[in-house]
Amino acid sequence: MKIVIVGGVAGGATAAARARRLDEAAEIVMFERGHEVSFANCGLPYHIGGEIPQRAALLVQTRAGLAARFRLDIRTRTEVEHIDAAGQRVRVRDLESGRTYEESYDRLLLSPGAAPLRPPIPGVEHPAIHTLRNMADMDRIKGSVDAGAQRALVVGGGFIGLEMAENLRRRGLEVALVELLPQVMPPFDPEVAARLHQELAANDVQLYLEDGVTAFEDAEGGVRATLRSGARLEVDLVVLAVGVRPDTGLARAAGLKLSERGALLVDEVMRTSDPYIFAVGDAVQVEDAVLGGPAYLPLAGPANRQARIAVDAMLGRASRYRGAQGTSVVQLFDVTAGITGASEKVLRQRGVPYQKVYVQRAHHVTYYPGAQSMMIKLLFAPEDGRVLGAQLVGGAGVDKRLDVLATALAAGLTVHDLEDLELAYAPQFGAAKDPVNIAGNVAVNALRGEEEFVDPAVLDEAGRTAYTLLDVREQAEFEAGHIPGACWVPLATLRARLGELPSAKPLAVYCGVGQRAYYATRILRAHGLRACNVAGGFALWSLIHAPRPKPRPLHRRPLSTLTASTSPSGVASEESGCCVGPATTVKNSAVAVVTRAAARTEPHTASVTKSPGQIELDLRGLQCPGPLAALAAAARAAAPGALLRARADDLGFCGDVDAWCARSGHKLESTHRDGREFVAEIRLHTGADVAPAGSPAAANSTRKTFVVFSGDLDRVMAALVIANAAADMGDEVTLFFTFWGLNALRKEAPPPTKKALLDRMFGWMMPRGAQRLVLSKMHMGGMGTAMMRHVMRKKGVADLPTLLASAQQKGVRLIACSMSMEVMGLQREELIDGLEIAGAARYVNEASQSGVNLFI
Ligand code: FAD
């Protein structure tokens with residue numbers, strides 16, 4: 001048996017290895033037009049982002065290794081140009097030498113994959129526009145990033161687009177993502193994709209939805225993309241990730257049957273319309289395993305399984321491909337999203353009856369540290385509860401539940417079976433009732449009519465009028481944000497206040513995620529009231545109805561333009577014309593929740609974890625004084641005694657936060673570094689336990705604080721002389737270097753650092769180090785400064801570097817202002833050692849405790 005394989009990556013390499021394992025005597029020839037075989041396409045974005053540092057790690061098998069282990073004849077850089085199906089021969093071309101020759105076969109396996117689409121947009125051939133399919137593409141994109149690209153445009157919000165957006169952000173690029181549809185990840189339903197939109201915004205990816213590129217043109221050093229909306233983006237690099245088309249030109253020319261979209265038609269053993277030719281992977285159309293009918297799912301798992309089945313069939317084994325259910329998972333920054341089976345929109349399109357439930361649970365018991373929440377959307381058949389599809393989004397543990405549900409789907413299980421699944425549990429891994437069991441419980445309740453749901457998507461301004469909305473959460477939760485117009489009756493008081501509830505319209509009851517609302521609806525229904533549960537609770541409602549974050553133009557990250565933001569429903573109090581409970585009097589006191597995206601000029605409304613007593617604050621991406629301003633705003637809005645957990649990546653924040661706590665009377669409970677980030681836990685004072693801020697008693701006459709603003713030789717010298725003198729007298733001295741003063745702290749020969757052009761130019765223009773400062777007066781083209789240095793040397797006056805070193809030796813604290821460093825594009829490595837970096841709060845705190853304060 002002579003087996004010839006076209007394509008040497010996912011499907012091709014799997015088929016070759018399987019063929020050898022089944023038939024030691026077979027002659028196996030594998031042609032691959034690229035340089036490498038068996039490489040990990042799925043890892044390509046992560047090498048660009050640096051997560052997979054070694055390029056070689058992507059080579060799952062080398063050509064030589066694969067050939068030796070499985071005794072294969074592997075010919076790389078060799079393209080199959082023509083198939084003579086009748087004569088069972090292929091014509092191939094050696095791409096290095098140009099030589100062509102023929103090779104016969106008994107069985108031919110086609111695994112040529114798919115080619116990235118390049119839409120016919122004017123200018124799309126610009127060299128800065130890339131697609132990503134293989135190692136060579138990856139090298140080109142990575143090369144561009146390594147060479148200093150700063151702004152990138154990703155076109156297409158599928159999984160490759162999202163992975164590229166994330167990895168380019170990880171490399172520090174400003175990134176915009178343009179998607180034609182109203183959502184990213186088209187296979188997902190919109191409310192699940194909305195969580196991904198939030199995550200993109202939180203990580204400063206500028207998202208243009210329902211928009212597309214109409215033209216590319218050359219721009220200085222890069223490319224300019226014009227969008228349908230009229231937006232124009234100038235970037236250094238574009239990644240086109242708008243989908244793929246089956247690479248089946250060869251098969252078409254050989255007369256093999258193709259689908260309308262050009263995918264090869266195969267039977268259940270992966271045989272094409274020619275009995276001796278098989279095909280697998282991204283090139284083939286498959287059967288939809290859930291709903292039946294054709295499907296095109298270019299994924300690695302199916303390609304591998306199909307390859308095994310095709311080889312089994314070639315070599316006389318009984319195997320059958322049962323179709324694809326489209327199980328796939330994507331990670332986007334800190335969020336994982338997965339899907340298996342049919343989505344709600346596909347069920348609707350195909351007219352298939354379905355029911356749906358949402359469940360929001362932690363991935364393991366919440367008393368064990370590190371629990372992360374996830375949302376499961378479960379779709380099932382109303383007549384028998386058969387699982388039709390599931391989508392999950394959240395943090396850790398999403399992949400595990402996705403696979404459980406994918407298995408349940410493949411096995412034809414029902415929601416009753418999900419209730420009964422015996423899944424592994426220990427506190428670190430799950431709960432005695434796993435989220436999958438809970439999804440089963442809720443679905444069974446819905447099937448039996450014990451619980452009725454209202455879709456939060458319909459509760460827009462108009463849809464809300466059909467219901468009386470009832471919020472059964474605690475006061476602080478309600479105050480932090482609620483659905484406009486909602487009445488507020490906490491669950492604990494519900495039984496006592498049933499008489500107050502209006503009965504003209506059905507009650508749409510909600511809590512945070514649905515559990516308390518379920519208890520409430522049981523009570524209400526038991527008392528004869530019409531009540532349904534708002535599926536997914538306030539969490540899902542806010543996700544669906546949050547305004548879309550507006551993209552901002554790409555440029556270097558601005559200095560903080562922070563505006564304290566409020567939760568989307570913070571406007572609710574004005575609309576709360578409800579008869580029940582104190583809701584009518586509640587002012588909008590939504591806890592300020594600030595995310596990275598809040599560095600924009602307009603208020604941003606992305607939400608983060610919050611509960612009355614504990615607030616998570618994401619300050620990443622903000623520079624001094626942004627993090628502190630946001631922290632202070634959150635503290636003002638939060639309940640006394642609450643715990644604020646703030647995460648920042650501004651270098652100055654770690655220096656600022658303790659000073660801020662000291663000044664404001666809050667208690668800094670803990671701080672730690674997490675990679676490049678800094679996490680602080682702050683217990684807010686209760687009012688009773690706070691010392692008066694800025695108490696004069698704190699002022700200490702033995703402490704001196706100087707702001708060194710000037711970068712003039714004489715002024716910096718004066719500052720250092722006085723500082724040294726004060727230190728000599730036993731005083732505690734702090735010098736806070738800001739703006740031009742920072743030049744005195746620059747190293748003469750700093751290590752190379754990666755910088756934007758503007759920062760580099762700034763660096764060239766400013767004096768590099770204390771030795772290069774010049775006089776404020778009588779500089780006279782350098783003559784005056786040179787004379788002064790000469791006189792100082794002659795008279796034995798220490799020069800600036802010596803004064804700096806001696807001040808440091810005496811314990812004078814030198815602080816570099818983080819905000820000025822950002823403005824001037826200075827990095828830590830460029831400044832002398834032994835410095836602290838902090839923001840304005842640190843100075844204010846030091847100054848308030850000092851007897852003498854000088855501004856130089
Ligand atoms: P490929 O693996 O693409 O192999 C086809 C090979 O055939 C190519 O190397 C090509 O050069 C060669 N070839 C084509 N025509 C000829 C010819 N005439 N002569 C010789 N050689 C030829 N899937 C997932 O399930 N999960 C993921 O996370 C995931 N991530 C991905 C990330 C990226 C960046 C990319 C590009 C793909 C990703 N995929 C992922 C998709 C997955 O890689 C594909 O579904 C899978 O590789 C398909 O296998 P295949 O054998 O059909 O094609």
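Counting starts at 1 for both ligands and their atoms, in listed order.
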Please list, in number order, the atoms of ligand 1 under 4.0 Å from a heavy atom of Gly281. 52 (O)

For Gln306 and Gly281, indicate whether the former's side chain and the latter's backbone hold a donor-acceptor pair under 3.5 Å. yes

Which residue and non-hydrogen atom of the protein lie closest to atom 49 (O) of ligand 1, and at what distance in Å? Ala10 CB, 3.2 Å

In terms of its nearest heavy atom to atom 30 (N) of ligand 1, the top option of Phe39, Tyr46, Phe159 is Phe159

With heavy atoms only and a cut-off of under 4.0 Å, state how Val6 meets ligand 1: side chain, backbone, both or neither. side chain

Is the closest heavy-atom distance from Thr14 to ligand 1 below 4.0 Å? no

For atom 12 (C) of ligand 1, what's the nearest protein heavy-atom neighbour? Residue, atom name and distance, please. Glu32 OE1, 3.3 Å

Assess whether atom NZ of Lys345 is packed by more than 12 heavy atoms of other residues, nucleotides or ligands within 6.0 Å. yes

To the nearest 0.5 Å, atom CG of Leu233 lies from atom CD of Glu174 at 11.0 Å

Of all the non-hydrogen atoms in the protein, which one sits nearest to atom 53 (O) of ligand 1, and at what distance? Gly113 CA, 3.2 Å

Show me the donor-acceptor pairs within less than 3.5 Å that the side chains of residues 54-65 make with the rest of the protein, sequence neighbours left out.
from  : atom 1 : to     : atom 2 : distance (Å)
Arg55 : NE     : Asp139 : OD1    : 3.0
Arg55 : NE     : Asp139 : OD2    : 3.3
Arg55 : NH2    : Asp139 : OD2    : 2.7
Thr62 : OG1    : Gly65  : N      : 2.9
Arg63 : NE     : Ile74  : O      : 3.3
Arg63 : NH1    : Thr76  : OG1    : 3.3
Arg63 : NH2    : Ile74  : O      : 3.1

What do we get for Asn41 next to ligand 1 when only non-hydrogen atoms under 4.0 Å count, side chain, backbone, both or neither? both

Just which atoms of ligand 1 are under 4.0 Å from any heavy atom in Phe31? 20 (C), 21 (N)

Gln391 versus Asp189, side-chain donor and acceptor atoms under 3.5 Å: yes

Where is the nearest protein heavy atom to atom 20 (C) of ligand 1: which residue, which atom, and how far? Arg33 N, 3.3 Å

Ala85 to Ala254 - nearest heavy-atom pair and separation: CB-O, 4.5 Å

Against heavy atoms of Gly7, which atoms of ligand 1 measure under 4.0 Å? 6 (C), 7 (O), 12 (C), 21 (N)

Among Leu110, Asp282, Asp137, Val244, which residue places a heavy atom closest to atom 45 (O) of ligand 1? Asp282

Please list, in number order, the atoms of ligand 1 under 4.0 Å from a heavy atom of Ala300. 23 (N), 24 (C), 25 (O), 42 (C), 45 (O)

Report, as yes or no, whether the 6.0 Å neighbourhood of atom CZ on Arg69 holds more than 12 heavy atoms from other residues, nucleotides or ligands. no

Could you tell me, atom by atom, which parts of ligand 1 come under 4.0 Å of a heavy atom of Thr78? 20 (C)

What residue and atom, counting heavy atoms only, is the protein's closest point to atom 39 (N) of ligand 1, and at what distance? Cys42 SG, 3.7 Å

Quick check against the 3.5 Å criterion: does Arg252 have a side-chain atom that pairs as donor or acceptor with the backbone of Leu258? no

For atom 18 (N) of ligand 1, the protein heavy atom that lies nearest, with its residue and separation: Val80 O, 3.1 Å

Closest non-hydrogen contact found for Thr248 with Gly262 is OG1-O, 2.5 Å

Which heavy atom of the protein is the closest neighbour of atom 41 (C) of ligand 1, given with residue, atom name and distance? Pro298 O, 4.0 Å

In terms of heavy-atom contacts, Thr272 and Ala279 come closest through CG2-CB, 3.7 Å

Quiz question: by atom type and distance under 3.5 Å, do the side chains of Glu344 and Tyr354 form a donor-acceptor pair? yes

Qualifying salt bridge (Lys or Arg N to Asp or Glu O under 4.0 Å) pairs, either residue in residues 397-407, two or more places apart: Arg401-Asp434

For atom 4 (O) of ligand 1, the protein heavy atom that lies nearest, with its residue and separation: Val9 CB, 3.4 Å

Backbone, side chain, both or neither: what part of Asn134 comes under 4.0 angstrom of ligand 1, heavy atoms only? neither

